[in-house]
Amino acid sequence: MSDLTIILPDGSMRTLPEGATGADLAADIGPGLSKAAIIANVDGDGRDLDRALPDGATVAIVTADSDEGLQTLRHSTAHVLAQAVLELWPGATYAIGPPIEHGFYYDFELPGGGTFSDDDLEVIEDRMRLIVDADQVFERCEIGADEALELFADHRFKREIIEQVTSGDADTELAGEAAADGTVTYYRNGGEFIDLCTGPHVPTTGHLGHFALQKVAGAYWRGDERQPMLQRIYGTAWADKKALKGHLHRLAEAEKRDHRRLASELDLVSWPEALGPGLAVWHPKGALVRKLIEDYSRARHEAGGYDFVYSPHIAKSILWEKSGHLDFYADGMYPPMEVDGATYYPKPMNCPFHVAIFQSGQRSYRDLPRRFFELGAVYRYELSGAIHGLLRSRGFTQDDSHIFCTPDQVPDELSSLLDFTLSVLRAFGFEDFQAKLSTRPFEKSVGEDALWDLAIDGLRSALESAGLDYVVDEGGGAFYGPKIDVDVTDAIGRPWQLSTIQLDFNLPERFQLDYVGADGSRHRPVMIHRALMGSIERFFGVLIEHYAGAFPLWLAPEQVRVLPVADEHQAYAESVRDHLVAAQFRATVDPADEPLGKRVRAGKVAKVPHVLVVGDDDAANGTVGDNARGAEAPERDLPLDEFLERLSANVEARL
RNA sequence: GCCCGGGUAGCUCAGUUGGUCAGAGCAGGCGCCUUGUAAGCGUCAGGUCGUCGGUUCGAAUCCGACCCCGGGCUCCA
């Protein structure tokens with residue numbers, strides 16, 4: 001009987017008797033690790049702890065505090081969820097149940113088309129806890145495909161997976177469910193319950209426990225709307241109680257930032273039912289902030305070499321036929337209206353109008369690049385279930401531009417465009433960006449290879465010179481050109497996709513655009529679509545969540561609120577306000593007909609950046625007491641002039 | 001569009017098995033209080049209980065259809 005040599009992640013060697021398992025290795029290293037071990041990572045692959053280790057392998061013992069361990073934990077918890085549901089609903093069948101970010105889900109089909117209610121979650125969770133308390137062993141089994149089909153005879157989704165996986169054309173979504181080499185792996189625990197799965201799993205259900213079921217949702221089998229609708233249960237699972245509590249706390253915090261809630265609390269925007277879904281009205285305060293955002297955008301574009309244009313909200317069908325929107329995008333368009341024998345459509349995009357402007361005269365290479373900019377309102381018939389406050393609406397305003405340039409100009413144009421984009425986003429307090437470069441689709445696309453290569457290289461070098469992190473989505477571009485999408489990370493770490501820079505080789509072709517080159521002959525320009533904020537509505541919604549409703553001074557609808565201590569200070573309070581207003585600040589007075597404490601609270605709740613309190617001393621000395629938002633204590637006896645200077649400096653710095 | 005869950009006063013919500021169940025707090029109006037830092041006191045007004053039909057002696061409550069909202073799926077700025 002020979003020994004095994006195992007290499008640990010730090011490069012050290014360990015010798016174990018032949019047949020030793022991951023669990024043996026963990027125990028050999030130490031009792032703490034032995035207890036915390038979830039799986040073993042053997043030469044890069046996760047394996048159950050009770051499997052024998054091969055000689056010479058590099059093995060890492062995985063615990064729940066690593067991503068891999070956590071993923072295993074969540075996957076195993078999903079199994080227990082399925083076990084509980086199948087025990088509680090005889091005749092139910094199950095589809096897939098993978099780990100996801102922060103947790104897991106499992107899809108089921110209940111007998112007779114039954115559905116889960118929220119109350120069921122509690123019952124299921126109780127049953128899951130019984131299974132965890134029973135500390136059942138997860139037992140790995142391998143069988144042939146035919147045998148597997150028999151074993152899962154009553155479970156059509158499992159059989160579909162087995163058939164697909166063993167025939168070798170499984171997609172990645174299903175790959176974790178069975179092996180591709182003709183054998184099928186399943187796990188058994190508690191004697192009765194089996195589930196198709198390649199594993200690995202935690203050693204026993206007792207290793208689980210810090211989980212919570214969260215919600216019931218419908219989900220199409222394999223994400224395809226032509227397939228049956230299954231019942232999905234979402235849950236979250238963590239390594240320990242503290243992590244679970246932390247996660248639930250973060251969810252509660254995110255909910256407090258919900259822009260729909262804040263928009264109504266801060267009197268910014270509302271969605272009157274009479275308007276229809278996905279259509280908002282902007283109240284004075286919201287409109288003021290929006291105007292500040294738009295003013296800033298316009299100022300930057302003006303300085304950035306853009307020409308401002310405007311276009312109507314509707315146009316005849318011929319325009320949309322020519323642009324191809326009616327062929328490719330008709331589902332997303334509002335239905336047409338018939339007027340004077342012609343058919344008009346509300347615009348879902350601004351591009352054809354900007355093309356029409358380009359076409360209004362003969363263009364020379366000397367005119368290029370030409371950058372048309374418009375805050376253009378568009379209407380898209382979004383699926384009703386997709387609508388979400390300001391983040392996804394049916395009417396929205398793009399900070400849209402179409403740039404027409406020569407192929408030679410593409411690289412420089414892209415590079416300066418990306419810098420411009422990031423610079424504008426940074427003004428709103430976004431510091432972390434993540435970009436995605438989408439390249440030519442593998443299937444059909446238009447445009448010459450050389451043009452695609454030029455554009456993709458241009459996008460890539462723009463990303464690199466901007467020093468931006470990016471991932472490449474090979475084949476992820478539209479049929480008409482490659483693109484860069486830019487995500488920003490908000491104050492609590494959530495990503496939001498805002499900007500998009502998109503090359504278009506199709507529209508110039510469809511509209512037969514040309515310019516006269518230096519050689520005197522006609523050439524086809526390249527078109528770049530780009531939006532920085534994407535949609536003003538959506539951007540505003542993201543900003544509300546990013547700032548948690550506390551807009552920085554330069555964007556705050558009410559910047560200063562002056563509170564006289566008593567009626568006799570009213571005149572002084574008004575003079576302070578008048579000074580502020582004269583210096584271009586947005587300031588109001590809240591008179592003394594309520595106690596000071598109540599008015600201070602009201603100012604704080606309204607997230608006013610500066611709540612000033614003025615009384616006898618202030619009136620006598622020309623000072624104010626400043627309650628700056630976020631400050632622990634008020635700052636008393638601050639000379640008004642000094643306060644004004646500070647405000648100016650902070651507005652200037654966009655703080 | 002599909003699955004699940006919801007719509008009660010401007011907002012947040014109570015309303016037990018259909019029968020004083022049309023309520024509370026905040027916000028708003030009006031008085032009193034004159035306040036130095038996160039909710040002073042009193043009082044008044046506000047709702048076709050999402051809409052429309054049905055069951056019933058009687059419906060916020062039960063049933064149906066529709067509208068809208070939320071969470072998902074799909075899609076996307």
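All chains are named by letter (A, B, ...) in the order of the sequence lines, taking the proteins before the strands, and each is independently numbered beginning at 1.
- Taking atom C1' on both B:G58 and B:U17, the two are 16 Å apart, rounded to the nearest angstrom.
- Rounded to whole angstrom, the span from the CE atom of A:Met229 across to the C1' atom of B:G1 amounts to 9 Å.
- Side chain A:Tyr381 to base B:G1: no donor-acceptor pair is found below 3.5 Å.
- Using a 4.0 Å heavy-atom criterion, one finds that A:Gln497 contacts the sugar-phosphate atoms exclusively.
- Atom OH of A:Tyr106 is separated from atom C1' of B:C3 by 19 Å (rounded to the nearest Å).
- At the heavy-atom level, A:Gly278 lies under 4.0 Å from the strands shown only through sugar-phosphate atoms.
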query = So what is the 5' to 3' dot-bracket string for RNA chain B, if pairs are Watson-Crick or G-U wobble with both distances under 3.5 Å, crossing pairs use [ ] and | means the partner sits on another strand?
reply = (((((((..((((.....[...)))).(((((.......))))).....(((((..]....))))))))))))....
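- Closest to the A:Gln231 side chain, of the nucleotides B:C3, B:A77, B:C68, is B:C3.
- Across all strands, A:Ser393 comes closer than 4.0 Å to base atoms (heavy-atom distances).
- The aromatic ring centres of A:Trp282 and A:Phe540 sit less than 6.0 Å apart.
- Among the atoms of the strands shown, base atoms are found under 4.0 Å from some heavy atom of A:Glu594.
- Between the side chain of A:Gln502 and the base of B:A77 there is no donor-acceptor pair of N/O atoms closer than 3.5 Å.
- In this structure B:G46 sits in the syn conformation; its chi angle is within 90° of 0.
- Taking the six-membered ring for Trp and thresholds of 30 and 60 degrees, A:His259 and A:His388 have ring planes inclined between 30 and 60 degrees apart.
- In this model, a donor atom of one side chain and an acceptor atom of the other lie less than 3.5 Å apart for A:His155 and A:Thr93.
- Residue A:Pro595 is in base contact, counting any heavy-atom pair closer than 4.0 Å across all strands shown.
- The aromatic rings of A:Phe328 and A:Phe479 lie tilted to each other, with the angle between the two planes from 30° to 60°.
- Aromatic ring centres of A:Phe539 and A:Phe428: separated by under 6.0 Å.
- At a threshold of 4.0 angstrom between heavy atoms, the contacts of A:Tyr234 are confined to the sugar-phosphate backbone, with no base atom among them.
- Using a 30° and 60° split on the angle between ring planes, A:Tyr379 and A:His313 fall in the tilted class, from 30° to 60°.
- For A:Arg392 against B:C75, a side-chain N or O and a base N or O form a donor-acceptor pair under 3.5 Å.
- Between A:Met333 and A:Leu326, the closest side-chain pair of non-hydrogen atoms falls below 4.5 Å.
- Closest to the side chain of A:Ser384, from the set B:C33, B:G1, B:G72, is B:G1.
- Counting distance only, with no hydrogens placed and no angle test, the side-chain atoms of A:Asp618 and the base atoms of B:G36 include a donor-acceptor pair under 3.5 Å.
- Note on A:Lys604: a base of the nucleic acid sits closer than 4.0 angstrom, heavy atoms only.
- Residue-level contact check: A:Ala386 touches the bases, meaning some heavy atom is under 4.0 Å from a base atom.
- Within the 4.0 angstrom heavy-atom criterion, base atoms lie near A:Asp617.
- In this structure A:Phe433 satisfies the ring pair (Phe, Tyr, Trp, His ring centres under 6.0 Å) test with no other residue, sequence neighbours excluded.
- When the P atom of B:U37 is taken as reference, atom NE2 of A:His610 falls 20 Å away, rounded to whole Å.
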